[in-house]
Each structure stands twice: as structure tokens, then as C-alpha cells.
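Labels below follow one simple rule: chain letters A, B, ... track the order of the sequence lines, proteins then strands, and each chain is numbered from 1. No experiment lies behind these values; they were computed from the predicted model shown.
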Protein chains: 2
Amino acid sequence: MEKIGIKEIALRANVSTATVSYVLNGTRNVRPKTKERVLKVIEELNYRPNDIAKSLKSKRTNTIGVIAEDVTVFNVPEIIDGINEYAEKNDMHILLTNLRLQKRVGYDYANTDHYQKHAQDAVSNLLSKQVEGIIYIGIHPRDLTGLINTYNKPIVYTYCYAQNECSIQYNDEQASYDAIEYLVSKGHSRIAIISGLMDSIPSRLRFNGYYKALTEFQLPFDPQFIKVGDWGLNSGYHLAAELLKLQEPPTAILIMNDLMAAGALRAASEQGMVVPTDLSIVGFDNREFSAYLSPGITTMDLPLHDMGILAMKALYNRISGTNEKTEETPLCKLIERESVAGPRAALK
Amino acid sequence: MEKIGIKEIALRANVSTATVSYVLNGTRNVRPKTKERVLKVIEELNYRPNDIAKSLKSKRTNTIGVIAEDVTVFNVPEIIDGINEYAEKNDMHILLTNLRLQKRVGYDYANTDHYQKHAQDAVSNLLSKQVEGIIYIGIHPRDLTGLINTYNKPIVYTYCYAQNECSIQYNDEQASYDAIEYLVSKGHSRIAIISGLMDSIPSRLRFNGYYKALTEFQLPFDPQFIKVGDWGLNSGYHLAAELLKLQEPPTAILIMNDLMAAGALRAASEQGMVVPTDLSIVGFDNREFSAYLSPGITTMDLPLHDMGILAMKALYNRISGTNEKTEETPLCKLIERESVAGPRAALK
DNA sequence: CTGTTAGCGCGTTCAT
DNA sequence: ATGAACGCGCTAACAG
């Protein structure tokens with residue numbers, strides 16, 4: 001099987017390669033009859049132009065690099081899907097690099113030394129392949145300033161950020177504010193919170209939203225109602241148990257991820273409390289499993305898909321030189337399931 | 001900022017472009033002093049060769065295309081991760097195409113007419129980009145013969161297959177055989193099965209394994225113990241309820257996915273039966289949520305990561321012309337959690 | 001307006 | 001160690 005190129009087509013159609021190119025790209029008028037003849041040959045030989053050669057001349061690859069810290073972490077696939085949706089519409093292709101961070105360094109991603117070289121190599125490879133920009137997808141929101149250098153190629157971070165660089169993140173503060181507002185609307189006033197680790201940005205932001213809502217709705221602020229977990233199921237379990245043992249326990253708990261919320265569910269059940277009758281719970285993340293627990297966890301859904309779309313859009317604008325930098329920060333959405341009801345007191 | 005190329009380097013180092021190339025690739029001996037000088041300039045200007053130009057000449061892109069039917073479906077990310085692991089070791093890059101099938105056609109993927117053109121376009125684009133091969137990742141195991149034409153570029157299917165093409169799949173029959181063997185080892189003999197849709201390959205294969213195990217272990221074969229679900233939680237719920245209402249209900253149920261198993265769990269609980277004391281359940285898929293239910297579902301873990309590795313390996317061998325076609329079909333692994341115990345009768 | 005010739009992009013590699 | 005052809009498609013310049 002001979003490899004066919006533009007000149008093979010030209011030969012068989014009795015025209016020059018230039019004409020073939022013009023037909024292919026509609027760059028110039030070609031007499032209909034000639035055009036038809038050329039197209040017929042192209043069709044017959046099933047010719048497809050070589051994008052590599054094209055790119056070399058045009059200096060455009062229509063390709064961006066996506067660096068995912070770990071595609072197996074729950075937030076990543078949906079973000080990639082969003083990137084795809086926007087990329088496809090603009091005929092952009094995606095060169096995917098998977099850092100496999102989870103498998104490489106476990107949860108020790110705070111210390112970037114362990115993978116900085118690895119990340120930079122990924123960038124370098126992508127640049128060699130002439131990507132027109134890069135999207136970096138984190139597995140935990142944090143500051144990645146200085147991790148990588150893209151030598152002036154545009155980059156957009158999402159689910160993480162870097163100073164002086166574009167990043168797409170959702171609105172954490174608003175999310176927990178909304179969650180509290182929802183609980184208040186159900187009649188709760190004694191609302192506790194189980195936070196993630198306090199060195200985490202989302203934890204701080206979500207706490208801000210909690211605190212702001214407490215203030216605005218003039219709810220009692222009880223330091224005993226604030227627990228700091230480590231994101232793991234067990235910590236949710238233990239901290240919820242502590243809250244329930246309080247003299248005057250909360251009637252609702254906002255928990256900063258579904259994993260800890262699942263732990264809380266277990267704790268409640270072991271203490272003979274029924275969720276939501278005796279205790280209401282709102283989680284975070286809308287992890288798949290939160291729908292299958294009994295009761296299903298009412299939770300804040302992260303706008304991952306939108307983040308992907310917005311990240312790609314922002315990058316595309318930068319690539320195209322469009323100066324409209326309309327970076328939005330999308331909102332979380334409350335998914336109502338079965339873990340919230342009015343407080344017991346209200347039922348009496 | 002000037003764009004630097006090999007000739008810029010040559011100029012500054014007072015050598016020819018050929019020499020620079022030889023230094024860069026170690027393709028030929030270069031006098032150490034010259035070499036050093038060249039390397040210094042490269043370092044200073046932070047030069048990186050243009051892979052596009054390289055590819056044009058060498059006709060190798062070190063890039064494969066991965067077509068995922070839908071990256072947001074549970075089995076896909078882990079397969080991609082496996083592909084990455086092997087690809088990275090062999091310096092191969094991945095151009096990812098996401099068909100977004102789930103969002104496009106829902107569960108109507110049996111009728112390929114709806115997306116055949118879309119899939120073929122994806123292949124064509126990838127071929128234009130000169131990928132050296134393609135891996136196609138399905139979202140449901142099925143025959144995709146004739147869906148796409150890769151014009152003799154090597155392709156490997158995984159989590160689906162096509163006639164006369166290489167495909168990597170796990171061993172379904174063995175998996176359900178193993179599950180039954182495990183239940184038997186726990187003392188069960190009245191073992192029911194809730195199957196997925198019967199037009200599905202895995203359903204048939206898993207049923208084969210079930211039947212084979214029944215025969216080998218000389219267990220009673222009761223047609224009433226065979227239920228056919230539709231993979232959804234509700235069907236698991238209803239079918240399990242039916243099984244439990246039997247005169248002589250089974251002491252264990254093998255269920256062909258965790259979703260239906262979750263439904264079964266709910267049915268059991270509503271009938272006041274305790275899992276695993278009164279009823280043992282083994283699921284399939286090892287979906288994330290199966291670990292968080294109470295009790296945690298004992299389930300067959302799919303070797304997704306290995307499938308990714310093997311798919312990439314098989315493709316790599318084809319690309320390299322290595323003739324060792326050692327396609328293995330990896331095995332599922334039983335994940336023991338809390339939904340299995342000895343049968344009630346055995347406890348009496 | 002339609003078609004052709006020839007040089008270019010950026011590294012690689014053969015012949016000198 | 002070097003000059004120059006080459007890979008494949010694009011496009012400026014030119015011709016009819």
C-alpha cells in the first residue's frame with residue numbers, strides 16, 4: 001500500500017499540487033470541472049491531508065495540552081468532559097498527560113518537590129509537540145505558583161491556581177452560604193460544621209460562607225459546633241459522634257465533603273438517631289456514592305463540567321488573542337436528597 | 001521574543017545545523033569540545049526541538065489516539081490510567097478523543113447508527129494527525145464490528161470488541177465462577193443470580209460461569225433462582241424482593257453489578273432481613289459506592305487498570321512490528337467486604 | 001480568473 | 001564536520 005500525498009493526487013488528476021491544495025482548502029477559485037476531477041481522485045484514494053506537514057508550515061496545531069494531576073480522582077473526568085465539549089466545537093484537539101499523582105505521591109501533594117520535575121517534564125514535552133496552550137487540572141484546590149514554567153505559552157489552571165495566571169474555580173464561599181441558607185429555610189438554627197483540614201483553601205472559603213450566613217441570619221455562633229476533620233470518612237464519623245454527644249447537640253451539620261458525611265451518617269445511626277428526622281446533614285461534592293446511601297445525602301454539587309468548559313474557553317480566548325477575559329467562577333448547586341428535614345423541635 | 005530553531009543554535013555555536021542535530025540525538029560522534037559548545041548554547045536559549053518538524057521527516061509521531069466512548073463513565077478513567085502507565089514508559093503520547101456517548105445517546109448505544117459517523121470522524125481526525133495507532137475504550141462490552149475503519153492503522157479495542165481485531169477484555173466467566181466458588185466455600189448451596197440484560201455479552205458469560213460452578217459443585221439448579229434485571233438499581237430491588245418471597249429463598253445472591261446489588265440491599269432491609277446474616281450478596285464492578293454502603297458490598301473488582309496496560313502493550317507491539325501477540329485476558333478479583341457470611345442454616 | 005512553478009517550515013541524514 | 005536534499009502541504013509570484 002503506497003502512501004499517498006498531495007502530489008499523488010495532483011498526478012492522477014492531471015493538475016498541480018497547488019490546485020489540489022486550493023480545492024482542499026477553498027483558498028482560491030478553481031474551475032468546477034477541475035475541482036470535481038480532483039475531488040473524485042481524493043475520494044477514490046481516500047486521501048487525507050497530513051496535519052503534521054500542515055502544522056509545520058502554518059505553525060498551528062489546533063492542539064492543546066491537558067495535564068491532569070490524576071485522571072482517576074473523582075473531579076477530573078467531568079472537567080475533561082467539559083474541556084472536550086468546548087474544544088470539539090472549536091476543532092481543537094487534546095494531548096492528554098496524566099501525572100498519576102495520587103499513585104505517585106499519595107496525599108503528599110503539598111510538597112511539590114516530589115513531582116515538580118515530573119510536572120515540568122510534562123510541560124516540556126507538550127511544548128515540543130507545539131501545543132498552543134495548556135490546561136492544568138488539579139486534584140485538590142491549592143496554590144501551584146512556581147510549579148511549572150510554560151515559557152509564555154498560555155496556561156489555564158482549574159481546580160487549583162497559580163499567582164498571576166488564569167484559573168477557573170468554583171465559588172466555595174457561596175456554596176456553603178447557600179447550604180446554610182437552605183438549612184435555615186428548613187427551620188434549623190443550631191447548625192454545626194465539620195470542616196476539612198484547615199490548611200486547605202476550600203476549607204477556609206467554606207468556613208467563611210458558613211460564618212457569613214450565621215451572621216446574616218443571626219444564628220447563635222457556638223465554637224463547639226466547629227469541628228475540623230481530615231476529609232476522611234473516619235474523621236466524619238468521630239466528629240459527628242462528638243457533636244451528637246453535646247449537651248445541646250446541633251439539629252443540622254454542614255459537612256465539607258461527602259466522605260465525611262458518610263461517616264457522620266454511620267455515627268448517627270450507631271447512636272440510634274435517624275437522619276433526617278433527628279439530624280439533618282448536608283455534604284459537599286456530590287460524589288456518586290452519596291446518592292446510594294440510605295438516606296441519600298443532600299449535597300452541594302461541584303460545577304465540574306462548567307469548569308472544564310470555562311477553562312477551555314479562557315484558554316481559547318488567550319490563544320486567539322481575543323481579549324475578552326470573562327473568567328466566571330461558576331456556582332455549586334444543591335442536590336436535594338433525603339438527609340435534610342426540619343429540626344425535631346419544629347415538629348413538636 | 002524570537003522563535004529559535006536549530007539553525008539559530010548552529011549560528012551561535014559556529015557549527016552547521018547537522019552537527020547540532022547530531023549532538024541533540026547522539027546520532028553520530030561529535031568532538032567533545034564542539035559538543036560542549038553546542039550544548040551550552042542550547043541551554044542558554046532554552047532550545048527545544050520542534051517535534052512537528054521531526055515527525056514530518058521521521059514519519060513517527062510517538063503518539064497514539066485514544067477514543068473513549070465517554071470519559072465520565074466509571075470504567076474509563078482507570079483504563080486510561082493504565083494506558084498512560086505503559087505509554088509513559090515507552091515515551092508515547094496520547095491524543096484523547098471523548099465521544100461523550102452517554103450524554104449524546106444515553107443508553108441507546110446498541111443502535112450504532114446514532115454515532116457511527118461521529119466515531120468515524122474521530123478516527124479520521126486522529127489519522128490526519130498521524131497517530132501510530134488507536135485504542136478504543138467502550139462503555140459497555142459489545143461487538144462494534146464495522147463501526148469504524150482505521151485504514152490499516154493498528155487498533156486495539158478494550159471493554160468492547162470487534163471481529164478480526166485485537167481486543168482486551170477481562171474474564172467474565174471466570175469471575176462469576178470464582179464468586180460462586182467463594183460462596184460455596186462459605187457454606188452456601190442455595191445461590192440465586194440476578195443477571196443484567198440478556199442481550200449483553202457479560203451477562204451471558206457471567207451466567208456461564210454461574211452455571212458451570214453450579215454443575216461442578218453439584219449444587220441444585222433452580223430456575224426460580226434466575227432473575228434477569230436491566231442493570232438498574234430498581235430492578236435489583238424488585239428482583240431481590242421476588243427471590244426473598246420464594247417458599248425456599250436462596251441464602252446468597254450473585255448480582256451482576258453493584259447498582260443492582262445496592263437495590264437488593266435495600267429490598268432485604270425492607271423485608272427485615274439482615275445482610276449478611278440472613279442473606280449474602282456478591283456484586284460486580286467494585287464501584288466506589290459499594291464500599292460505603294452498610295454493609296459494604298463484597299464484589300468482583302474489574303481489572304480496568306490492567307486492561308489499559310495490556311491494551312497499550314498490545315498496540316505498542318503492533319506498532320513496533322513485534323510479533324509477540326501475547327494478549328492476556330486479565331482476571332477479576334474478589335473484594336471481600338461485609339455482605340457475605342455463612343448461610344443461616346449453617347449457624348443453626 | 002484559473003492553473004503552474006518553486007520556495008518555505010524545521011530537523012534529519014547522506015554524500016562529500 | 002558540513003552542505004544540501006528531503007518530508008508534505010501551503011502559498012507567493014507568475015503565466016496564460
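- Per the geometry, CD1 belonging to A:Ile6 stands 15 Å off C1' belonging to C:dG7, to the nearest Å.
- Looking only at atom types and distance, the side chain of B:Glu85 has a donor-acceptor partner in the side chain of B:His305 under 3.5 Å away.
- Taking atom CG of B:Asn50 as the reference point, atom P of C:dC10 lies 7 Å away to the nearest angstrom.
- OP1 or OP2 of C:dT12 sits under 4.0 Å from a side-chain N or O of B:Asn25.
- In this structure, A:Arg60 places its CZ atom 17 Å from C1' of D:dG9, rounding to the nearest Å.
- If you measure from atom CG of A:Asn14 to atom P of C:dT5, you get 12 Å, rounded to the nearest angstrom.
- Checking B:Thr34 against A:Ala53, the closest nucleotide of DNA chain D that is more toward the 5' end is the one next to B:Thr34.
- Between B:Asp70 and B:Lys103, none of the side-chain N atoms (NZ, or NE/NH1/NH2) sits under 4.0 Å from a carboxylate O, so this pair counts as no salt bridge.
- Here D:dG9 presents its P atom at 9 Å from CG of A:Leu24, a figure rounded to the nearest Å.
- Of the side-chain N and O atoms in A:Lys54, one or more sit less than 4.0 angstrom from OP1 or OP2 of D:dC10.
- Projected onto DNA chain C by closest heavy-atom contact, A:Thr17 and A:Arg28 fall at different nucleotides, the more 5' of which corresponds to A:Arg28.
- For B:Leu56, counting side-chain heavy atoms from C-beta on, the closest listed nucleotide (C:dG9, C:dT4, C:dG11) is C:dG9.
- Nucleic acid contact class of B:Lys57 (heavy atoms, under 4.0 Å, all strands): base.
- Side chains of B:Arg104 and B:Tyr115 form no contact here, defined as non-hydrogen atoms less than 4.5 Å apart.
- Residue A:Asp51 contributes atom CG, which lies 15 Å from atom C1' of D:dG7 at whole-angstrom precision.
- At a cut-off of 3.5 angstrom, the base of C:dC14 holds at least one donor-acceptor pair with the side chain of B:Tyr22.
- Residue A:Asn29 has a polar side-chain atom (N or O) positioned under 4.0 Å from OP1 or OP2 of C:dT2.
- Looking only at atom types and distance, the side chain of B:Asp108 has a donor-acceptor partner in the side chain of B:His114 under 3.5 Å away.
- Taking the side chain as every heavy atom from C-beta outward, A:Asp81 and B:Gln102 never approach each other to under 4.5 Å.
- Across D:dC6, D:dT2, D:dC10, the shortest atom-to-atom separation from the side chain of B:Ala18 is found for D:dT2.
- Each of B:Val30 and A:Val20 has a nearest nucleotide on DNA chain D; the 5'-most of these lies closest to B:Val30.
- The side chain of B:Thr19 places no N or O atom within less than 4.0 Å of a non-bridging phosphate oxygen (OP1 or OP2) of D:dA1.
- Taking atom CD1 on B:Ile52 and atom C1' on D:dG9, their separation rounds to 13 Å, with Å as the unit.
- Put simply, NZ on A:Lys59 is 20 Å from P on D:dC8, counting in whole angstrom units.
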